Enquirer: 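Sharing a structure with you now.
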Amino acid sequence: MTAAKLLVTGASGKLGQQVVKALLNDFAIDPSQLIVTTRNASSLAHLAEQGIEVREADFAKPASLEQAFQGADSLLLISIDTIGQRSQAHANAVAAAAKVGVKHLSYTSMPSATTSPVVFAYEHEASEQAIADSNIANWTILRNNWYFENLPEFNAATLQTGTWLSAAADGRTSQLSRDDLALAAAASLVKSLPGKQILTLNGPEALSADEMAAKINQVVGTDIHVMPLSDEALKQQLDSFGLPEGVVAMVTTMDQHARGGFGDGSSEDYVNLTGRQPRAFTQWLEQRKDALASIAKGA
Ligand SMILES: NC(=O)c1ccc[n+]([C@@H]2O[C@H](COP(=O)([O-])OP(=O)(O)OC[C@H]3O[C@@H](n4cnc5c(N)ncnc54)[C@H](OP(=O)(O)O)[C@@H]3O)[C@@H](O)[C@H]2O)c1
């Protein structure tokens with residue numbers, strides 16, 4: 001029997017790169033079993049050198065997708081990063097996956113995709129619906145909670161200024177590391193769970209902004225204070241920094257999401273899928289404390 005062909009889209013991205021690593025290192029998948037896609041094959045030349053098949057696929061060009069997905073048994077559709085274009089792009093990818101007879105599809109979504117107030121939730125809801133409406137017999141929706149990595153990558157100003165503007169009140173989110181989510185996505189691709197599943201992938205503890213700030217201060221040595229604000233006051237502050245409208249809407253609605261308890265679930269689905277506990281926030285901070293301290297110092 002030939003081994004199942006596993007396909008990863010978005011393999012050049014921050015999550016996709018970690019998924020490929022997890023497939024090779026944690027699941028000992030032979031490179032000849034893997035297909036990865038990108039819009040620019042030269043960006044994944046290093047994977048081709050390892051014996052992984054690299055194909056070009058642009059979700060905005062449906063005609064390219066059937067050829068790109070041909071022969072895949074299980075496909076991981078990593079949501080793309082262009083907010084506003086994702087519903088159609090992902091629907092194109094799902095349609096092509098269905099057309100070529102993919103046996104299992106995994107998709108990276110977000111917690112409470114159908115009910116969350118987050119400004120981009122509608123795109124994940126539409127993508128989940130496209131999958132449910134397709135004739136793909138087996139699929140797993142991975143509702144990934146927020147990444148710890150958002151702290152250095154998007155909220156570095158919090159580390160640098162010591163002020164965490166928040167309209168989340170006591171709302172908690174069960175965040176986790178991108179590496180742990182990559183492991184879960186790889187597990188979903190390899191296991192190709194039968195039937196239709198929606199899994200919410202959470203970290204081991206739900207934390208409020210105050211609780212996260214206290215842990216950052218303890219490990220990194222910062223002095224971050226949370227400034228509690230109303231939705232309107234947070235919007236006014238962010239507008240005053242000259243941030244784009246879309247970013248202001250994203251930040252304010254993410255706080256509404258936390259406040260409303262749309263992302264504070266348990267890690268049961270994560271443990272069942274991977275057989276492991278995701279790292280806790282303190283453990284993740286310990287592993288990166290020097291880099292975070294440098295950011296805090298503006299180095
Ligand atoms: N949960 C969270 O806290 C959190 C935080 C950050 C991001 N995210 C989301 O997680 C997902 C993955 O994030 P990431 O950090 O890995 O993103 P990233 O590093 O920005 O990578 C984006 C990927 O999307 C692919 N892509 C973009 N447009 C495409 C198109 N038209 N057709 C096919 N592929 C396309 C790119 O592939 P090529 O350029 O190679 O074609 C690239 O691999 C995104 O949806 C992102 O919004 C979640």
Side-chain angles (χ1 to χ4, degrees), residues 7-22 35-48 52 54-69 75-97 106-113 116 118-128 141-156 173-182 184-186 200-203 212 246-247 250-251 253-255 257-258 262-263 265 270 278 281 284:
L7 188 149
V8 180
T9 74
S12 66
K14 293 193 274 306
L15 179 65
Q17 291 178 45
Q18 293 307 118
V19 170
V20 173
K21 276 192 193 150
I35 304 167
V36 293
T37 71
T38 169
R39 288 167 298 174
N40 171 16
S42 64
S43 69
L44 295 179
H46 60 291
L47 296 183
I52 294 174
V54 177
R55 297 183 184 168
E56 290 200 349
D58 184 344
F59 296 172
K61 296 181 183 155
S64 71
L65 297 178
E66 283 177 44
Q67 205 179 350
F69 295 168
L75 183 148
L76 170 65
L77 172 53
I78 295 184
S79 56
I80 65 173
D81 54 332
T82 39
I83 292 175
Q85 296 170 27
R86 299 194 286 189
S87 305
Q88 187 59 55
H90 296 162
N92 292 343
V94 171
S106 307
Y107 170 69
T108 60
S109 184
M110 61 168 276
S112 306
S116 166
V118 169
V119 71
F120 54 74
Y122 77 95
E123 293 184 301
H124 288 299
E125 181 179 14
S127 304
E128 290 189 2
I141 306 291
L142 305 169
R143 289 186 170 175
N144 290 350
N145 210 314
W146 311 144
Y147 307 160
F148 293 149
E149 284 76 6
N150 291 338
L151 174 66
E153 291 172 14
F154 297 109
N155 302 332
T173 50
S174 306
Q175 303 185 22
L176 66 175
S177 79
R178 183 161 52 216
D179 285 358
D180 284 332
L181 285 167
T200 301
L201 302 179
N202 292 315
M212 290 184 82
V247 173
M250 188 164 78
V251 175
T253 57
M254 283 176 79
D255 275 3
H257 171 98
F262 291 98
Y270 185 95
F281 190 45
W284 179 86

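If you read the sequence from its start, that first residue is 1, and numbering goes on from there. Just so we're clear, the structure is a prediction, and the values are computed from it rather than from any experiment. We count ligands from 1, going down the list as the structure has it; atoms in each ligand are counted the same way. Below, each value reflects all heavy atoms present in this structure, side chains not excepted, and no hydrogens, waters or symmetry copies.
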Enquirer: Compute the shortest N/O to N/O distance between Asn150 and ligand 1 and return yes if it is under 3.5 Å, no if not.
Expert: yes

Enquirer: Quick one: does Ile78 get within less than 4.0 Å of ligand 1, heavy atoms only?
Expert: yes

Enquirer: Can you report which non-hydrogen protein atom sits closest to atom 16 (O) of ligand 1, along with the distance?
Expert: Leu15 N, 2.8 Å

Enquirer: Ligand 1 and Gly16, any nitrogen or oxygen pair closer than 3.5 angstrom?
Expert: no

Enquirer: How far is atom 31 (N) of ligand 1 from its nearest protein heavy atom, and which residue and atom is that?
Expert: Asp58 OD1, 3.0 Å

Enquirer: Given side chains that start at C-beta, do those of Gln67 and Arg55 come closer than 4.5 Å, heavy atoms only?
Expert: no

Enquirer: Counting each atom of ligand 1 from 1 as listed, which ones have a heavy atom of Trp146 under 4.0 Å away?
Expert: 1 (N), 2 (C), 3 (O)

Enquirer: So which heavy atom in the protein is nearest atom 6 (C) of ligand 1, and how far is it from that ligand atom?
Expert: Tyr147 CE1, 3.5 Å

Enquirer: For Thr38 and Asn40, which I'm curious about, is there any donor-acceptor pair between the side chains at under 3.5 Å?
Expert: no

Enquirer: What pair of heavy atoms forms the shortest contact from Glu128 to Ser109, and how long is it?
Expert: OE2-OG, 2.7 Å

Enquirer: Just to check, does Asn145 reach to within less than 4.0 Å of ligand 1 when the distance is taken from its heavy atoms?
Expert: yes

Enquirer: Counting each atom of ligand 1 from 1 as listed, which ones have a heavy atom of Arg86 under 4.0 Å away?
Expert: 45 (O), 47 (O)

Enquirer: Check for a donor-acceptor pair, side chain of Glu123 on one end and backbone N or O of Gly84 on the other, with a separation under 3.5 Å.
Expert: yes

Enquirer: Check whether Ser174 reaches the backbone of Gly265 with its side chain - one donor and one acceptor, N or O, closer than 3.5 Å.
Expert: yes

Enquirer: Give the numbers and elements of all ligand 1 atoms closer than 4.0 Å to a heavy atom of Ser79.
Expert: 11 (C), 12 (C), 44 (C), 45 (O)

Enquirer: With a cut-off of 4.0 Å, which atoms of ligand 1 are near a heavy atom of Gly10?
Expert: 43 (O)

Enquirer: Look at the side chain of Asn202 and the backbone N and O of Asn145, then say whether any donor-acceptor pair between them is shorter than 3.5 Å.
Expert: no

Enquirer: Thr38 heavy atoms, cut-off 4.0 Å: which ligand 1 atoms fall inside?
Expert: 38 (P), 40 (O), 41 (O)

Enquirer: From the options Gln17, His90, Arg39, Glu56, select the one whose nearest heavy atom is closest to atom 28 (N) of ligand 1.
Expert: Arg39

Enquirer: Got the closest protein heavy atom to atom 35 (C) of ligand 1, with its distance?
Expert: Ile80 CG2, 3.3 Å

Enquirer: Closest approach of Ala22 and Ala186, non-hydrogen atoms and distance?
Expert: CB-CB, 3.8 Å

Enquirer: Under 4.0 Å from a heavy atom of Ala57: which atoms of ligand 1 are those, numbered in the order shown and with their elements?
Expert: 33 (C)

Enquirer: If we ignore angles and hydrogens, is there a donor and acceptor under 3.5 Å between the side chains of Thr9 and Thr37?
Expert: no

Enquirer: Judged by atom type as modelled, is there a donor-acceptor pair below 3.5 Å linking the side chain of Thr253 to the main-chain atoms of Val119?
Expert: yes

Enquirer: Counting non-hydrogen protein atoms only, what is the nearest one to atom 24 (O) of ligand 1? Give residue, atom name and distance.
Expert: Asp81 OD1, 3.7 Å

Enquirer: Among all protein heavy atoms, pick out the one at the shortest distance from atom 19 (O) of ligand 1; state its residue, atom name and that distance to 0.1 Å.
Expert: Lys14 N, 2.9 Å

Enquirer: What is the nearest protein non-hydrogen atom to atom 32 (N) of ligand 1, stated with its residue, atom name and distance?
Expert: Phe59 N, 2.9 Å

Enquirer: Can you report which non-hydrogen protein atom sits closest to atom 42 (C) of ligand 1, along with the distance?
Expert: Ser12 OG, 3.5 Å

Enquirer: Output yes when a side-chain donor or acceptor of Glu56 lies under 3.5 Å from a complementary backbone atom of Ala41, and no otherwise.
Expert: yes

Enquirer: So, does Arg86 use its side chain to make a donor-acceptor pair with the main chain of His124 at under 3.5 Å?
Expert: no

Enquirer: Can you label the angle between the Phe59 ring and the His90 ring as parallel, tilted or perpendicular, going by 30° and 60°?
Expert: perpendicular

